[in-house]
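On a predicted model such as this, the values are computed, not experimentally measured, just so you know.
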Amino acid sequence: MIYQALRKVLFQMNPETAHDRTVQALKWMQSSPWLRQSIAKKMVIKDARLASKLWGLSFPNPIGLAAGFDKDADVFPALAALGFGFIEVGTLTPRPQSGNPQPRLFRLPGDEAVINRMGFNNHGIASARQAFEQLDRPAIPIGINLGKNKDTPNEKAAEDYILGLTELYPFGDYFVINVSSPNTKGLRDLQHAEALESLLTRILHQRDQSAQNHQQKKPLLLKIAPDLEPDAVQKIVSTAIAAGIDGIIATNTTLSREGLTSKQRHETGGLSGKPVRERSTQIIRHIYSITRGQIPLIGVGGVFTGRDVIDKLKAGANLVQVYTGMIYRGPAIVRKINQELLEWMEKEKISHFQEWIGQDLK
C-alpha cells in the first residue's frame with residue numbers, strides 16, 4: 001500500500017529522474033548502518049529451503065537484481081538490505097560514457113513494461129573500483145556486468161572486456177560478458193559464433209591468468225538476447241560451452257513490440273517487463289534442453305511473482321533476476337516472491353526450490 005502511493009508520485013516524474021531520486025534515497029539509507037539493518041530485518045527472509053550453492057558461492061535465496069539498476073556499483077549495500085539473494089552491478093565499461101541522448105527511458109504502464117535505450121551510461125571501471133573499495137560488502141554474491149565502450153570497434157572489444165575483468169577481478173564474485181544489449185550499435189554481432197568464440201577464448205584466458213594471480217577462479221557468464229532463432233541459440237550455447245563459459249544469463253531486453261498497447265510502444269530500444277516473460281522462459285527451456293544442466297542458467301525477463309519464478313525454474317533456470325518488476329511492484333518484491341515460493345513449496349510438499357529445476361523437460 002505504501003509503495004502504491006509512492007509509485008503515483010514517482011510515475012509523475014520523468015522515468016530517469018525517478019530512477020536517480022531512488023538511487024539517491026538508497027545512498028542515504030546505506031549511509032546509516034542502523035537504518036540499513038532495520039530495513040533488512042523487515043525485508044530479508046532466511047530459510048534453508050531457499051538457499052543454494054553455485055560456483056562455490058552461497059546464495060541465500062534465488063532472487064537476484066539484474067544489471068542496469070546499480071550501473072555504477074554505488075548502492076549495492078542498500079539493495080542487499082531489500083532481501084536480494086545476489087546483486088549484479090553495471091553494465092560497466094572501461095571509460096566513462098554518457099550513453100545515448102535523452103529521453104531514453106520510457107514506462108509502459110498498460111503493459112507493465114519499460115523501454116530503454118540508455119547505451120551503457122556509467123562512470124567507468126575506475127569509479128566502480130573506488131566504490132567497491134569504500135562501501136561495506138554485503139554477505140551475498142555480487143556480480144559485475146561488463147560491456148565495451150561504444151566507440152570501441154568490435155574487433156577490439158575483447159580488450160575492453162579484459163580490462164574490466166582485470167581491474168575489477170578482486171571485487172566481483174562472478175562476471176558477466178554482455179554482448180546482447182540492443183542499445184550499443186553492433187554489439188549483438190558479437191553473439192555470432194565465430195566472433196563469440198574468439199571473444200570468449202581471449203577473455204577466459206585472461207580470467208585464468210587473473211585466477212592464478214589472485215589464487216581464486218571466479219565464474220564467467222554470458223548474457224544473451226531473446227531475439228534469437230533456435231539454431232542461433234544452439235550455436236551460441238555450444239560455442240560458449242566449448243570455450244569454457246561457466247554459466248548463461250537468459251535473457252536481455254527485446255526489440256520485439258508484439259502485443260503492446262501502450263502509446264510509448266513505438267520508442268526504440270530494449271523492451272523489458274511482462275511482455276518478455278514468456279519469450280525469456282522459452283529461451284531458458286531451449287538452453288536447458290541443450291545443456292541438460294551442464295552449466296547453471298540465470299533466468300531474467302518479466303519476473304513479477306513467485307509463479308513467474310517457478311515457471312523459469314521449471315524451464316531450467318537455477319536462479320532468477322528481477323528489475324522491471326521492482327519498478328511496478330516496489331522494493332518489497334523480493335520478500336513477496338520468496339514468501340510465495342515458500343507457500344508453493346508447502347502446498348506441493350517439496351523440500352527445496354531446486355526440486356523444480358528442469359521439471360518441464362524431465
Side-chain angles (χ1 to χ4, degrees), residues 1-31 65-76 78-79 82 87-93 96-124 127-128 131 145 147 149-150 178 181-185 187 252-257 259-277 300-304 321-334:
M1 293 296 292
I2 295 175
Y3 181 70
Q4 294 307 311
L6 179 60
R7 196 181 89 168
K8 290 181 180 179
V9 175
L10 291 172
F11 275 37
Q12 290 175 355
M13 300 179 189
N14 169 281
E16 196 163 350
T17 300
H19 176 81
D20 292 343
R21 296 280 177 85
T22 301
V23 169
Q24 289 301 317
L26 289 167
K27 286 182 178 179
W28 172 75
M29 184 260 274
Q30 76 183 15
S31 68
L65 178 64
F69 186 95
D70 191 5
K71 291 178 177 293
D72 298 308
D74 51 12
V75 288
F76 57 86
L79 291 165
L82 300 181
I87 292 167
E88 193 172 306
V89 304
T91 298
L92 292 162
T93 56
Q97 59 182 31
S98 58
N100 294 321
Q102 297 185 28
R104 54 193 180 180
L105 186 62
F106 308 90
R107 301 186 198 95
L108 286 70
D111 298 297
E112 291 194 283
V114 167
I115 291 174
N116 93 83
R117 51 174 182 261
M118 304 299 287
F120 288 171
N121 57 309
N122 73 105
H123 296 156
S127 175
N145 189 295
N149 283 108
K150 64 181 180 181
N178 187 347
S181 170
N183 300 318
T184 296
K185 187 177 180 181
L187 184 71
N252 213 316
T253 56
T254 182
L255 293 173
S256 172
R257 298 295 185 264
L260 298 183
T261 60
S262 301
K263 63 180 181 180
Q264 301 277 39
R265 64 187 181 276
H266 299 300
E267 294 289 348
T268 59
L271 174 75
S272 61
K274 277 195 175 179
V276 189
R277 177 172 57 198
V300 55
V303 174
F304 283 63
Q321 291 176 324
V322 303
Y323 184 173
T324 304
M326 188 166 67
I327 295 173
Y328 286 96
R329 294 291 188 266
I333 186 172
V334 182

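Atom CD of Glu16 sits about 4.0 Å away from atom CD of Gln102, to the nearest 0.5 Å. Put simply, NE2 on His19 and CD1 on Ile327 are 8.5 Å apart, with the number rounded to the nearest 0.5 Å. We find the CG-NZ distance between Leu108 and Lys263 to be 10.5 Å, quoted to the nearest 0.5 Å.
Looking at Glu267 and Arg107, no side-chain N of the basic residue comes within less than 4.0 Å of a carboxylate O on the acidic one, giving no salt bridge. Classification of Lys27 and Asp74 as a salt-bridged pair holds, one side-chain N sitting under 4.0 Å from a carboxylate O.
Remark: Lys274 qualifies as a cation-pi partner of Phe304 under the 6.0 Å distance and 45° angle criteria applied to the six-membered ring.
Here the two rings, on Phe76 and Phe69, have centers that are 6.0 Å apart or farther.
Scanning all heavy atoms of the two residues, the minimum distance from Val276 to Asn252 falls at CG1-O, 4.4 Å. Annotation for Thr91 and Gly147: closest pair CG2-N, 3.3 Å, computed over non-hydrogen atoms. Nearest heavy-atom pair, Asn121 versus Ser98, reported as atom, atom and distance to 0.1 Å: CB-O, 3.3 Å. Closest of all the heavy-atom pairs between Pro182 and Gly270 is CG-CA, 3.7 Å.
Counting heavy atoms from C-beta on, the side chains of Leu255 and Leu271 never come closer than 4.5 Å. Side-chain contact check for Leu187 versus Lys150: every heavy-atom pair is 4.5 Å or farther apart. Looking at heavy atoms from C-beta onward, Leu105 lies out of side-chain contact with Arg117 at the 4.5 angstrom threshold. Counting heavy atoms from C-beta outward, Lys71 and His123 have side chains that stay 4.5 Å or more apart. Asn122 is listed as a side-chain neighbour of Gln97, based on a closest heavy-atom distance under 4.5 Å. Counting only heavy atoms from C-beta outward, the side chains of Asp70 and Val89 approach each other to under 4.5 Å.
In the model, Asn116 has no side-chain atom that pairs as donor or acceptor with a side-chain atom of Ser272 under 3.5 Å. Counted by atom type alone, Ser127 and Asp72 present zero donor-acceptor pairs between their side chains at under 3.5 Å.
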Tyr323 vs Tyr328, ring-ring contact (aromatic ring centres under 6.0 Å, His included): CA-CA, chis, key distance, verdict | CA-CA 9 Å; Tyr323 184 173; Tyr328 286 96; over 10 Å; no
